[in-house]
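Here the structure comes first, spelled out in structure tokens, and everything after it is commentary.
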Amino acid sequence: MTRTDLWPAIEPLLARVERPARYIDREWGALHDGEAAYRACLIYPDTYEIGQANQALAILYGVLNAIPGVAAERAYLPWMDMSAAMRETGVPLFSLESCGAVRDFDLVGITIPYELTYSNILETLDLAGVPLRAVDRSESDPLVVGGGPSVFNPEPVAAFFDAILIGEGEEAVGEIVSAHRAAKAASASRAETLHALAAVPGVYVPSLYETVRDAKGAYAGTQPLPDTAARPVVEKRVVADFDAAPVAIAGIVPFMDVVHDRYGLEVLRGCTRGCRICQAGMVYRHVRERTPDHILRDVVAGLACTGYDEVSLTSLSTTDHSQLEEVLRRLQRRLEGTGVSVSLPSLRVDAFGVEMARLVSAGGKKSGLTFAPEAGTQRMRDVINKNVTEEDLLGSVQRAFESGWRRVKLYFMIGLPTETDEDIQGIGELVHKVFRTAREATPPAQRGGLKVAVSVSTFVPKAQTPFQWEPQISFDEIGRRQQVLRDSMPHKGVDLHWHDAEISFLEGVMARGGREVADVVEAAWRGGAVFDAWTEQFRLQRWLGAFAETGVDAESIANRERLQSEPLPWAHISAGVAPGYLWRERERAFAGKTTPDCSFAGCTGCDVCDDLEVKIVLAGDSRG
């Protein structure tokens, strides 16, 4: 296929748009291979500054470019001023490295990061000139493959992808490209190629599945078409030897500020604490830690390649790494005198979390600490299996403020299963206690700078979790409970923020909807919905209009309790956690019973070890 350099058409547009650095090439670390026979374009469906910080995309970029004969490039969704200029002048979506048209690539890989980016996926495809729906693509169109955190209920966007990778991509992405290259070498048709992809473990090809309905027309399941390689249940891919998995050592250093503008290294993957509200904690099981030696090696190499002056040790819960204290002490010695700082994205609600914060801030500025008690009462924390106490939190706050911190941020949720008004008022009472504890631990002369920030989101039940059967509280009820929260919250010294109820409602629909929701996504996008994750761009009316136009009952998806016997739209997708385990955890939640962390307390029966043949891998024998 002839490759077109679109730069002569793009360059004149840059003077008309804000942040033109979003659309230029030649950042430090970008890779260029104009001779590769097979080309893949990896796309994050949001702006450059959001997508460039994504570690998963950076890893896959390195993995693909390391395959002989394969070149991977990047593209991001242009902001609205640029997309308008591109449409006006007929410029299609382009890759950064070669300024090539995305539609001319062999494979287009699109991250599916979050429910409110679904409209952005359609905007991406439309700008690229690729038909929105897989069924409408021709032999000359690129293969469109999805992957990322939101694939564990892929149905609302399934119609827009030729294939979707379920789970971790480090090993699977090479197999997908290999299958596609073999199909191209054999001059296989698009349909034959999709059948070949369905044989790759972890790959879901939506067009090879059909929706089944019962005699009354009710949804009865999704099953593979006969005589195909499609599996009845697609199990997630998982990297068993995470310590040996590739990392983005020579990452790309952008010209402009991006979110998380620092060198990031994932130090462990997965979580076994078993919080019943947490989809990531369920679908990324089991815990697999990198060894301290490899962490040190990769941090030093990554900083040398990129020149960053900050490194972030990332994961779902970095302070759970069993050798974190050793890692931080060794990093301190290695980085002493270099001006490089170390950051942790989150802290445990206990003394260990504060001690780790003290280690990473030694000699530096104490900017603030973030804790996530999630609920205001012990009863509620037991329901969600948070496994922390009020004493844990208050003790940590006391130690933090005695050690010189003057700001703390607390995360809570409302709308949790079994929640009462007393539980919500308990958030206010706990914040009172935190403020009082912080004040008493702060010298009188410094109490004027004391600040407690409180962020409260509305619980959205997610697929593949113990609460996947639970109703989300209604739109009106969200507003009522937020008022209860406001009334209970202390006013002095506390900044209260809560998640927008309209956004939570739409998240709830997208999180548990079926294939019918694809029509809603397309109707909303055609009505102007794009960049919905940007609060100032979100318009609920566009989505309500789309629901009305397509006849989809949003409330029956978001606000209705499911029966245990009811077929779920994501039942043909498996994260490895047995549905029976999820139901037992739900029952234990309603009984107020907690479940221990299986990394240290023995098997709790989720079946991931046996079904996926992935074991818990710790670098040490205890937390911290």
Side-chain angles (χ1 to χ4, degrees), residues 112-115 148-156 166-168 233-236 238 269-287 316-317 372 374-375 380-387 411-419 457-473 499 504-514 557-598 604-608 611-612:
I112 311 174
Y114 169 51
E115 291 88 355
S150 285
V151 300
F152 291 93
N153 175 22
E155 293 309 289
I166 309 300
E168 300 168 3
V233 176
V234 181
E235 289 197 331
K236 76 170 180 181
V238 59
R269 187 172 290 175
C271 178
T272 50
R273 285 185 173 267
C275 293
R276 294 165 180 143
I277 56 176
C278 181
Q279 187 188 48
M282 292 293 162
V283 302
Y284 288 112
R285 286 188 168 214
H286 273 321
V287 169
L316 288 176
S317 181
E374 309 287 7
M380 200 72 256
R381 287 190 291 273
D382 288 346
V383 167
I384 64 174
N385 206 44
K386 186 64 182 175
N387 282 323
Y411 279 109
F412 293 95
M413 281 187 179
I414 61 171
L416 294 162
T418 80
E419 181 180 77
S457 61
T458 301
F459 174 62
V460 176
K462 294 291 185 79
Q464 317 276 0
T465 72
F467 292 145
Q468 64 181 354
W469 295 275
E470 298 309 303
Q472 184 178 3
I473 61 173
H499 202 54
S504 297
F505 172 70
L506 186 60
E507 288 173 345
V509 178
M510 296 295 142
R512 293 189 297 167
I557 298 173
N559 307 131
R560 181 176 61 83
E561 180 179 357
R562 275 73 167 168
L563 301 174
Q564 185 184 13
S565 59
E566 184 175 341
L568 301 172
W570 52 89
H572 55 296
I573 303 297
S574 173
V577 179
Y581 169 82
L582 296 178
W583 184 262
R584 290 195 300 275
E585 281 298 292
R586 175 192 179 278
E587 297 294 281
R588 291 179 67 81
F590 280 82
K593 296 180 179 178
T594 60
T595 299
D597 184 340
C598 67
T604 53
C606 76
D607 286 355
V608 168
D611 286 359
L612 298 183

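- Residues forming a ring-ring contact (aromatic ring centres under 6.0 Å, His included) with W469 (at least two apart in sequence, or on another chain): W583.
- In this structure, the side chain of R562 engages the main chain of R560 through a donor-acceptor pair within 3.5 Å.
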Inset, instruction - Would you please test F505 and N559 for side-chain contact (heavy atoms from CB on, under 4.5 Å) and show each step? - result: CA-CA 9 Å; F505 172 70; N559 307 131; 3.8 Å; yes

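- Looking at E470, its side chain never comes within 3.5 Å of a backbone N or O of E561 through a donor-acceptor pair.
- Using modelled atom types, no side-chain atom of E235 and backbone atom of I166 make a donor-acceptor pair closer than 3.5 Å.
- F412 places none of its side-chain heavy atoms less than 4.5 Å from the side chain of S457.
- Heavy atoms only, all atoms of each residue included: L612 and G576 are closest at CD1-CA, 3.8 Å.
- Between G508 and I557 the shortest heavy-atom distance is O-CG2, 4.4 Å.
- The pair E587-K593 does not count as a salt bridge, with every side-chain nitrogen at least 4.0 angstrom from each carboxylate oxygen.
- Looking at heavy atoms from C-beta onward, C271 lies out of side-chain contact with H286 at the 4.5 angstrom threshold.
- Y114 OH: more than 12 foreign heavy atoms inside a 6.0 Å radius.
- Between P579 and Q564 there is no side-chain heavy-atom pair separated by less than 4.5 Å.
- Taken to the nearest 0.5 Å, the OG1 atom of T465 stands 11.0 Å off from the CD atom of E585.
- At least one side-chain heavy atom of E507 sits less than 4.5 Å from a side-chain heavy atom of H499.
- Remark: R586 qualifies as a cation-pi partner of F590 under the 6.0 Å distance and 45° angle criteria applied to the six-membered ring.
- Atoms CD1 and NZ, from I573 and K236 in turn, are 13.0 Å apart once rounded to the nearest 0.5 Å.
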Inset, instruction - Mind running side-chain contact (heavy atoms from CB on, under 4.5 Å) on I384 and F467 for me, showing each step along the way? - result: CA-CA 9 Å; I384 64 174; F467 292 145; 4.2 Å; yes

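- By the 4.5 Å heavy-atom criterion applied to side chains, I277 and F459 are counted as neighbours.
- No side-chain heavy atom of V234 sits less than 4.5 Å from a side-chain heavy atom of H572.
- Of all non-hydrogen atoms in L416 and A375, the two that sit nearest each other are CD1-CB, 4.4 Å.
- The minimum heavy-atom distance between P569 and G513, with the atom names listed, is CB-O, 4.0 Å.
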Legend entry - Residues R285, V577; criterion side-chain contact (heavy atoms from CB on, under 4.5 Å); working and verdict: CA-CA 8 Å; R285 286 188 168 214; V577 179; 4.1 Å; yes

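- Under 3.5 Å, the side chains of N385 and T595 contain no donor-acceptor pair of N or O atoms.
- What you find for G415 and I473 is that their closest heavy atoms are CA-CD1, 3.7 Å.
- The OG1 atom of T604 sits 8.5 Å away from atom CG of D597, with the distance rounded to the nearest 0.5 Å.
- The two atoms that bring M380 and P417 nearest to each other are CE-O, 3.0 Å, heavy atoms only.
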Inset, instruction - Could you please spell out the steps behind the salt bridge (charged side-chain N to carboxylate O under 4.0 Å, His left out) verdict for R269 and E168? - result: CA-CA 10 Å; R269 187 172 290 175; E168 300 168 3; 3.2 Å; yes

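- Residues P149 and Y284 meet the side-chain proximity criterion, which asks for heavy atoms closer than 4.5 Å.
- Just one residue in the list K386, R381, E374 forms a side chain to side chain contact (heavy atoms under 4.5 Å, CB included) with C275, and that residue is K386.
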Inset, instruction - List the steps, then state whether side-chain contact (heavy atoms from CB on, under 4.5 Å) holds for K462 with E115. - result: CA-CA 11 Å; K462 294 291 185 79; E115 291 88 355; 3.3 Å; yes

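- Side-chain atoms of N153 and Q464, non-hydrogen and from C-beta on, never get closer than 4.5 Å to each other.
- Contact check on E155 versus R512 returns no salt bridge, with no Lys/Arg side-chain nitrogen under 4.0 Å from an Asp/Glu carboxylate oxygen.
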